[in-house]
Structure formats: structure tokens, C-alpha cells
2 protein chains.
Amino acid sequence: MLVTGRKEGNISVHGSVYKNLRDKILYGFLRPGQSLTLRSLASEFKTSMTPVRDSVRRLTAEGALKISLSGRITIPVLTIERFNELLFIRSIIEAELAIKALPKAHIALIDRLESINLDMEMFAKSFEAMEYIRANMEFHRSLYLRAQSPIMLSILENVWLQLGPTVKHALGENWNIVKQSEHKNILSALNNQDSSQLIFLIKKDVLGCQNIFM
Amino acid sequence: MLVTGRKEGNISVHGSVYKNLRDKILYGFLRPGQSLTLRSLASEFKTSMTPVRDSVRRLTAEGALKISLSGRITIPVLTIERFNELLFIRSIIEAELAIKALPKAHIALIDRLESINLDMEMFAKSFEAMEYIRANMEFHRSLYLRAQSPIMLSILENVWLQLGPTVKHALGENWNIVKQSEHKNILSALNNQDSSQLIFLIKKDVLGCQNIFM
DNA sequence: CATACTCAAATGTGATCACAAAAAATCTAT
DNA sequence: ATAGATTTTTTGTGATCACATTTGAGTATG
């Protein structure tokens, strides 16, 4: 049976293709420079070109994909300048979100962050790169969610999306770097309501990526 | 003759539809809450649904349009919280871009900004709202371009895009507010390489919009 | 007068297709 | 063997279509 309509609230084909593709990019499953085609994505997701096209257009608008002048689809290759600009933007936005979240960082949130951090320790030991990266993002996102600045958060997530492939592939087998101790410092700054220390730690955490190219 | 291909470098149908629609939103030709349909846009632009769909998806990703759960396309209606968050983001990004541009603001740039400001004066007197708004954006963009931070600038332009319809319609017939004197102050801060004064003026210029809702 | 129901028109979605351009593969001449 | 020419394949674009769902006007019911 041919199904084209969609009950309100049900997820559309476009929506699930988008989510899948986005996650692949965000978690570094696709290499910078790698090229994609509508038809192969369509067959991978067992659908037609149309929802794939929609997803590609959307992800291109978010900076996660690049469409060349001749229309070919690739994972963008970041120049060093672009990479540094993205990190700089991260540092500004994350500092701002952290400040806004700080007064609202109650015990429930801190507990949750601690639990995520324990998960990260576990994933690091058992070499589960994907889960480690996902947990790291979840740590940051959980904190920033408290800032209640949805637009700024979505801008930040787009920046993460643009960094995803490059960071994952620059790290290579070294994804296993210790972030847990830095996270513990962040937790104590939250506990102490120490805003200047929090900003310092967040900026350090973000700009720590800067040397992965060398 | 049916034409579907496209020489490299030539603008696609999707591209021109996108630009047209984007400008309409940016310059406030569409009212917040107004609904659009693929078919009517397609006939307006004398094309089929496909390029329109692409443009709508792209603009939705940029926050310039909203697609409801049932798929209907509208110009987003900003809540007061969302509006204030957008202004806050503008103030952060524009301050950052201004600082970066300041050391590179040589005489050629300042001349150009002065000329744009004269145009604005003219458009204000002859009641050309559209041209006035366009010139005001051009003033800011010309300055920020010197910051050589293309990603930050494109984020800023998306924020402008989200504010466009609401600002234009909240202003109504009062689009004619005097910005020229504030711009002159900005020019003198540039001339004096006075960074703290520049930030103060930029923030004042941006947050000056805050009371248009009352 | 308000509320629920009916039904036709309007709308976005996903699928499919032809086509021009680009890219890849094959062939040819030197 | 290699560079250039030619053919074949791949690819994105724009157009069109059927269809499920939504919408909104009209109507009936209380």
C-alpha cells in the first residue's frame, strides 16, 4: 500500500532520515570530504529521494553538509581558520549559557551531571567511543538547558554539528582523552556558585580542542 | 523545451526562489503569523512546487519560517521571551564582531559607512521604508564584514532574519526612527579607535529595539 | 446562540520520471 | 605508457502525480 499522508504528531519520513543523518555527522561517522549521493542515502534509509533531499537541504542550511556549485553533496572540510572560528564561537556561547544556568543549578541537576560523568568514565574504560562522545555532549547540554535560552542552545548545537566530523577524525584513536577531571572541576564551581571560575573552566574545556590539529 | 540541468555557476531556480523569499521575510513584507502555501508560492514565482519546497525547508532550518506539526507553513510569531533572547544574541554577537572589526576599520570603510548613513537620511526624508531598512542593515554588515568572521556573521544574519517580520510590523509607520545620529556616534568611536565606547554604542543601538512592543 | 457534525476543497508528503550536466570509464593516437 | 578525446554512467534538478490528512465553511442539533 502506498502511504503518503501522516497523522499529526507522527514522525515524518523526512524527520527520521534527518535525525539519522544528523547523528551520523554529529558523532563523527562521516569523514570530512566524504561525498554522499541522494540515491545511495535513499536506498540506505529505504525510502525515495524526496525525504533525503529535504534532509540534505536542511542539514546544508545548518552548515553540516556542503553542496558544491555543481550540486555534489559532501561533508565540509574545515580550514584551520574556520575551525578556530567555530571554537571561538563555542567559547562565547557556552560561557554565556553557563552564566545563565549557574543560579539555576540546583542539586538535582548536579546529581545528574555527576551521574553522566560516571558514565563517561565507564565508556572510556570500555573503549566505547560513540557513547563517550554522546555522554560528553549530554553533560554540556544538560547544564546549558538550565539557561532556558533555546535559540542560543540551538545555535550552539549547530556549531557542534559543524565540528563533529573534524574533531572525531582529528582525535582518531585518541578520543579517550580525560575530560572527567575537568568536568569534576566544573561541578565544584557549580556547587560553589563561582561564576568566574565556571567561565574559566568552560573556556578551557572548549579551547582545549585547539591543538588537535598539530 | 524542458530544462532541468544547470551549468556550473549558474543560479538554480531554488536559489532565486530562496533569495526572493528570504528578502521578503528579512525586509518585513510578510506579517508574523501569515501562512504560506507551496502551491501559491510556486505560482507566484512561476515554477513548480519542488524548488519552493527546497527553499521553505532551508528557511525553516534558518528559523525564518515555521512548519506546524500538520505541515502548514507560517511566518513565526515571536513570544516576548523569544524576541528578547534574539536581541540579547544580537548584542553579544554584534559587540564581538565590532571589536574584531575595530582595528581594521580604515578610512575607506569609514567613508563608505558615512555614505550609507547619508543615504539613510535621504530615504528617511523621502519615506522609502524598504530602502531605509536595507541601508541600515548594510551599515552594520559593512562594519562586521571587516571582522572576517564569516560564520559569526552568518549566524547574525539568521538572527536578523528571525527578527525581520516582527520588528517591521511592530514599528508600523514609525520605521522612520532616527538612527543616523547613533550611527554618527559609532563612526566617531571608529575614528578614535575607542573600543569600550564602540561596544556601548552597539549595545545601545541593538537593545534600543526592546521597547517597540510597548 | 453555541456546539457538534458533514463534506468538499486545499495542502503537504513521498514517489517517480526525464533530462542536462558532471564524473568516471573507455578508447585512441602518439 | 601517457595524455587527450570519446562514450557511458552517475547525479542533482525541476516537474508532476496520487493520496492521506487537515481545514474551514456550511448545516443540523441542542
Side-chain angles (χ1 to χ4, degrees), chain A residues 1-22 25 30-31 33-77, chain B residues 1-22 25 30-31 33-77:
Chain A
M1 189 180 85
L2 181 59
V3 175
T4 57
R6 177 169 66 88
K7 278 213 201 82
E8 184 168 325
N10 280 12
I11 187 79
S12 61
V13 177
H14 155 246
S16 72
V17 170
Y18 167 77
K19 256 211 283 269
N20 263 280
L21 196 48
R22 184 181 193 274
I25 298 168
L30 302 173
R31 171 182 47 81
Q34 181 171 347
S35 68
L36 305 172
T37 67
L38 296 180
R39 283 171 179 85
S40 64
L41 287 170
S43 87
E44 179 183 342
F45 293 118
K46 301 192 196 319
T47 179
S48 77
M49 285 168 65
T50 312
V52 173
R53 239 179 113 164
D54 287 347
S55 304
V56 166
R57 278 267 137 75
R58 189 169 164 190
L59 287 162
T60 303
E62 294 173 355
L65 291 175
K66 177 159 171 50
I67 298 184
S68 79
L69 244 27
S70 70
R72 300 309 155 97
I73 306 155
T74 54
I75 305 289
V77 178
Chain B
M1 189 178 86
L2 181 59
V3 175
T4 57
R6 178 168 65 88
K7 278 211 201 85
E8 184 167 326
N10 280 12
I11 186 79
S12 61
V13 177
H14 155 246
S16 71
V17 169
Y18 167 77
K19 257 212 283 269
N20 263 280
L21 196 47
R22 183 182 193 276
I25 297 168
L30 302 173
R31 171 182 47 80
Q34 182 171 347
S35 69
L36 305 171
T37 68
L38 296 180
R39 284 170 180 86
S40 64
L41 287 170
S43 87
E44 179 183 340
F45 293 118
K46 301 192 194 323
T47 179
S48 77
M49 284 168 63
T50 311
V52 173
R53 239 179 114 162
D54 287 346
S55 304
V56 166
R57 277 268 137 75
R58 190 170 166 190
L59 287 162
T60 303
E62 294 173 354
L65 290 176
K66 177 159 172 48
I67 299 185
S68 79
L69 244 28
S70 69
R72 301 307 154 98
I73 307 154
T74 54
I75 306 289
V77 178

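Here the structure is a predicted model, which means the values were calculated and not measured. First the proteins, then the strands, lettered A, B, ... as listed; each starts at 1.
Residues passing the side-chain contact (heavy atoms from CB on, under 4.5 Å) test with B:S12, sequence neighbours excluded: B:R6, B:H14. Taking the salt bridge (charged side-chain N to carboxylate O under 4.0 Å, His left out) definition, one finds that A:R53 meets it with B:D54, sequence neighbours left out. With sequence neighbours excluded, the residues satisfying side-chain hydrogen bond (donor to acceptor under 3.5 Å, both in side chains) with A:T37 are A:S40.
Separating the CG atom of B:L36 from the C1' atom of C:dT11 is a distance of 13 Å, rounded to the nearest angstrom. When rounded to the nearest whole Å, the span between CD1 of B:I67 and C1' of D:dT22 equals 15 Å. Rounded to an integer number of Å, the gap from CD1 of A:I11 to P of D:dA20 is 21 Å. Note: CZ (B:R72) to C1' (C:dG12) measures 7 Å, nearest angstrom. For the pair A:K66 NZ and D:dG12 C1', the computed distance is 15 Å after rounding to whole Å. The CE atom of B:M49 sits 10 Å away from the C1' atom of D:dC17 (whole-angstrom rounding). In this entry the distance linking OH of A:Y18 with P of C:dT13 reads 15 Å, nearest Å.
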side-chain contact (heavy atoms from CB on, under 4.5 Å) between A:E44 and A:L41, worked out
CA-CA 5 Å; A:E44 179 183 342; A:L41 287 170; 3.9 Å; yes
Kindly indicate, with the supporting measurements, whether the criterion side-chain contact (heavy atoms from CB on, under 4.5 Å) is fulfilled by A:Y18 and A:E62.
CA-CA 12 Å; A:Y18 167 77; A:E62 294 173 355; 2.8 Å; yes
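A distance of 11.5 Å separates CZ in A:R57 from CZ in B:R57, rounded to the nearest 0.5 Å. With rounding to the nearest 0.5 angstrom, the CG atom of B:L38 is 10.0 Å from the OG atom of B:S48.
Residue B:S70 places at least one side-chain N or O under 4.0 Å from the OP1 or OP2 atom of D:dT23. For A:S48 and C:dA15, the shortest distance from a side-chain N or O to OP1 or OP2 is below 4.0 Å. For A:S12 and C:dG12, the shortest distance from a side-chain N or O to OP1 or OP2 is not below 4.0 Å.
Using a 4.0 Å heavy-atom distance criterion, B:I73 is classed as a sugar-phosphate-only contact.
Within residues 55-64 of chain A, no residue has any heavy atom under 4.0 Å from DNA chain C. The stretch residues 37-46 of chain B touches DNA chain C through B:T37, B:L38, B:R39, each having a heavy atom within less than 4.0 Å of the strand.
Each of A:T50 and A:S68 has a nearest nucleotide on DNA chain C; the 5'-most of these lies closest to A:T50.
Here the nucleotide nearest the side chain of A:H14, chosen from D:dT22, C:dG14, D:dG14, is C:dG14.
The base of C:dG14 lies close enough to the side chain of B:R53 for a donor and an acceptor atom to sit less than 3.5 Å apart.
For the pair B:T74/B:L65, no side-chain contact is recorded, criterion being any heavy-atom separation below 4.5 Å from C-beta on.
For residues 64-75 of chain A, the set of pairs meeting the salt bridge (Lys or Arg N to Asp or Glu O under 4.0 Å) definition, not counting sequence neighbours, is empty.
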